[in-house]
Participant: 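I have a structure I would like to understand better, so I am pasting it below and will then ask my questions one at a time.
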Amino acid sequence: QPEIDARIVDLLILYLDDPDYRFRANDALIRMGRRAIPHLHRQLTRKRSNKEQQKHVGVAVRENILKCIGEIADPRSVSVVSTLLLRQPIRVEDAAITALAALHRNIESPELVEQSFTPEVLEQVRRSYGTILLKITRDRRHIRELEHIQKYQAPALLVDTLGRATHRREELALQLLELLAEPATVRAAAAGLHSRDRRSKAEAIELLEGSGNEAAALASLLEQELEGGDDLDWDDEDEDRREIHEILIDLLITKQHAWFEACLAYCIGELRLLGFDAFLREMARDPAPLIKNNAIVALEKLDAGSSSNRGAGGRRKRGRKEVEQMAIDMERILFLRSVPLFADIDGNDLQWINEITREKKFKSGQTVFRENDVGDSLYIIIKGSVRVLKGENQVILEILEERETFGEMSILDQEPRSATVEVQKDATLLAIKRDDFQRLLLARPQLAFSLFRTISRRLREAVTRFTASH
């Protein structure tokens with residue numbers, strides 16, 4: 001009955017905002033199928049005040065509603081989703097692109113696809129596609145500029161974060177391109193672009209070049225990236241400093257993901273750059289903890305370095321220990337980002353991994369765990385080194401150092417430890433317990449895909465090395 005369906009859907013939508021129940025609520029809505037669609041559309045199209053938009057109220061809910069809509073694949077959703085491609089919070093726009101591509105793939109009847117993707121919808125798609133290409137061009141320029149500022153360490157973080165954002169936008173552009181060009185050709189090109197082989201990437205770009213004007217525009221940008229882009233040169237230190245101010249202002253006034261905004265605040269604080277107080281005070285009121293905390297820390301650093309800014313960091317409201325903990329959390333997240341095991345995990349998700357880590361210290365000669373022990377934790381080396389030993393004779397299999405991990409399989413299965421790990425040089429380790437990690441995966445299942453992708457790649461590389469040595 002429609003009234004019952006409406007109440008059920010409204011209840012499930014409430015759970016979409018709860019990390020502990022989001023995955024189950026998503027699954028329940030997808031199983032309701034087309035019965036849920038009118039109610040999901042109502043939530044997506046509900047008008048929100050400017051204050052709600054600014055605070056990103058309901059962004060996670062709309063993001064997850066769009067995931068459900070893509071899976072349900074009701075043709076009625078196409079026109080609704082297309083209205084969210086532009087002028088929305090960036091996470092909603094990204095989710096709308098992915099949902100629209102999923103609808104195009106999942107709607108069973110070609111006739112219904114043609115009827116649903118009207119000229120008006122495709123015009124919205126072209127506008128969104130063009131906007132993404134402009135963003136890619138702009139971000140590439142910023143990356144090249146930041147790469148030439150060699151005197152400051154902090155811009156390296158922005159280069160890495162911008163590079164990842166650009167690759168994400170390239171993936172979104174390819175999803176939109178499936179709606180504007182031959183889908184099978186675009187998917188074949190996308191597979192080639194994901195290859196680590198330069199020749200495969202070049203062939204994928206060539207395939208795009210012959211797939212119409214829209215595809216050729218993206219192919220041109222990808223070719224520039226493959227060839228290394230332009231070369232810029234600055235010699236004067238003051239010019240470097242002036243340029244970084246201009247770049248950061250440009251980035252601050254552009255719509256960004258939460259992790260990138262947090263990195264901007266972090267870099268301003270690390271570089272002690274003046275003139276950003278107004279931006280930082282606004283960011284310090286952001287509902288996203290990662291943005292808010294880094295803005296507070298940056299204001300505190302500027303406050304400490306300038307008597308004219310005394311009190312700007314909100315020291316009266318927050319104790320020094322609280323602010324110091326905020327700074328420690330960001331440093332830990334940046335450390336986790338540098339760990340190869342977490343290379344494919346978004347910085348915003350790393351804050352949740354940081355929440356479940358526990359620091360442990362070991363002296364040289366201490367045993368972390370023994371072969372055949374029951375395993376329940378993954379370990380990451382912050383500093384020091386450990387030996388991996390096998391068998392009664394304690395044969396040394398390998399020596400692991402900073403940023404390397406061991407015990408990974410224990411968070412995925414309950415098998416006994418396959419080797420003994422002993423501390424070689426006084427070590428500080430981060431431990432992640434299996435139960436904590438599995439609860440996190442239920443709340444944020446995308447972490448599992450990123451982690452499994454990294455483990456799979458490392459296993460392939462290990463097999464390749466073993467084959468080459470034999």
Side-chain angles (χ1 to χ4, degrees), residues 48-57 59 87-93 134-135 138-139 141-143 145-146 149 151-162 165 237-320 322-331 333-334 347-348 351:
R48 290 170 170 82
S49 66
N50 290 334
K51 188 175 182 180
E52 283 182 308
Q53 291 283 11
Q54 289 169 2
K55 289 188 175 182
H56 293 210
V57 172
V59 167
R87 299 187 183 89
Q88 299 293 324
I90 192 166
R91 284 170 56 190
V92 174
E93 290 180 356
L134 286 174
K135 288 178 180 178
R138 180 203 62 208
D139 287 349
R141 174 77 179 179
H142 289 147
I143 287 170
E145 289 172 334
L146 288 166
I149 303 175
K151 299 174 181 64
Y152 317 118
Q153 185 177 3
L157 171 62
L158 292 183
V159 169
D160 175 71
T161 307
L162 267 176
E237 183 175 346
D238 290 336
E239 183 71 8
D240 277 353
R241 181 69 70 157
R242 183 184 69 80
E243 286 292 339
I244 195 168
H245 270 81
E246 292 180 0
I247 297 166
L248 292 180
I249 289 172
D250 195 13
L251 292 170
L252 282 165
I253 63 177
T254 306
K255 190 160 43 178
Q256 305 286 359
H257 282 283
W259 168 248
F260 191 77
E261 291 190 36
C263 290
L264 285 171
Y266 172 83
C267 288
I268 291 168
E270 285 294 292
L271 299 178
R272 309 298 198 275
L273 296 175
L274 301 178
F276 291 94
D277 296 53
F279 286 108
L280 291 172
R281 281 195 292 270
E282 180 64 28
M283 295 167 82
R285 293 191 289 270
D286 196 285
L290 204 55
I291 298 174
K292 177 178 69 177
N293 292 351
N294 277 283
I296 291 169
V297 172
L299 284 166
E300 185 79 6
K301 289 178 179 177
L302 294 177
D303 180 22
S306 171
S307 58
S308 64
N309 284 336
R310 190 65 58 192
R315 191 178 298 170
R316 296 174 186 170
K317 295 182 180 179
R318 294 176 177 84
R320 179 166 294 279
E322 184 183 356
V323 175
E324 287 175 353
Q325 186 58 51
M326 292 176 184
I328 290 169
D329 285 342
M330 184 60 173
E331 293 293 341
I333 291 169
L334 293 176
N348 197 51
Q351 67 176 313

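Everything quoted here is computed from the prediction, not taken from an experiment. All residue numbers refer to positions in the sequence shown, counting from 1.
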Participant: Measuring from atom CG of Asn293 to atom CD1 of Ile333, what distance do you get when rounded to the nearest 0.5 angstrom?
Facilitator: 9.0 Å

Participant: With rounding to the nearest 0.5 Å, note down the distance linking CG in Leu134 to CG in Asp139.
Facilitator: 11.0 Å

Participant: Hey, could you give me each pair passing ring pair (Phe, Tyr, Trp, His ring centres under 6.0 Å) that has a residue in residues 264-297? Not counting sequence neighbours.
Facilitator: His245-Phe276

Participant: Quickly, which of Leu248, Leu162, Val159, Thr254 forms a side chain to side chain contact (heavy atoms under 4.5 Å, CB included) with His142? Name it, please.
Facilitator: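 The single option meeting the side chain to side chain contact (heavy atoms under 4.5 Å, CB included) with His142 is Leu162.
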
Participant: Look up atom CD in Gln325 and atom CG in Asp329, then write down how far apart they are to the nearest 0.5 Å.
Facilitator: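 CG of Asp329 is found 4.5 Å from CD of Gln325.
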
Participant: Got a second to check how far Glu261's CD is from Leu290's CG, nearest 0.5 Å?
Facilitator: 10.0 Å

Participant: Please enumerate all residues that pass side chain to side chain donor-acceptor pair (under 3.5 Å) together with Asn348, with sequence neighbours excluded.
Facilitator: Gln351

Participant: Which value, rounded to the nearest 0.5 Å, describes the distance between Leu252 atom CG and Leu264 atom CG?
Facilitator: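 Those atoms lie 5.0 Å apart.
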
Participant: Between Gln256 and Arg138, what is the shortest heavy-atom contact and its length?
Facilitator: NE2-NH2, 4.4 Å

Participant: What is the minimum heavy-atom distance between Ala295 and Ala284, and which atoms define it?
Facilitator: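 Heavy atoms of Ala295 and Ala284 come nearest at CB-N, 3.6 Å.
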
Participant: Starting at CG of Leu299, measure out to CD1 of Ile268 and round the result to the nearest 0.5 Å.
Facilitator: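 The CG atom of Leu299 sits 9.0 Å away from the CD1 atom of Ile268.
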
Participant: For His257, which residues count as a side chain to side chain contact (heavy atoms under 4.5 Å, CB included) partner, sequence neighbours excluded?
Facilitator: Ile90, Arg91, Asp94

Participant: Test your reading of the model: is there a side-chain donor-acceptor pair from Asp250 to the backbone of Glu246, 3.5 Å cut-off?
Facilitator: no

Participant: My understanding is that only residues two or more places apart in sequence, or in another chain, count here; which of them pass side chain to side chain contact (heavy atoms under 4.5 Å, CB included) with Cys267?
Facilitator: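 With sequence neighbours excluded, Cys267 shows a side chain to side chain contact (heavy atoms under 4.5 Å, CB included) to Ala154, Leu157, Leu158, given in chain and number order.
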
Participant: For Phe260, enumerate each residue passing the ring pair (Phe, Tyr, Trp, His ring centres under 6.0 Å) test, keeping only those at least two apart in sequence or located in another chain.
Facilitator: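 With sequence neighbours excluded, Phe260 shows a ring pair (Phe, Tyr, Trp, His ring centres under 6.0 Å) to no residue whatsoever.
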
Participant: Does Asp160 have any side chain to side chain contact (heavy atoms under 4.5 Å, CB included) partners at least two apart in sequence or in another chain, and if so, which?
Facilitator: Arg164, Arg337

Participant: What's the shortest heavy-atom distance between Ile244 and Leu271, and which atoms?
Facilitator: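 Heavy atoms of Ile244 and Leu271 come nearest at CD1-CD1, 3.4 Å.
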
Participant: Which heavy atom of Ala265 sits nearest a heavy atom of Ala298, and at what distance?
Facilitator: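 What the structure gives for the nearest pair is O-CB, 3.3 Å.
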
Participant: Donor-acceptor pair, Glu93 side chain versus Gln88 backbone, under 3.5 Å?
Facilitator: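 Confirmed, Glu93 side chain pairs with Gln88 backbone.
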
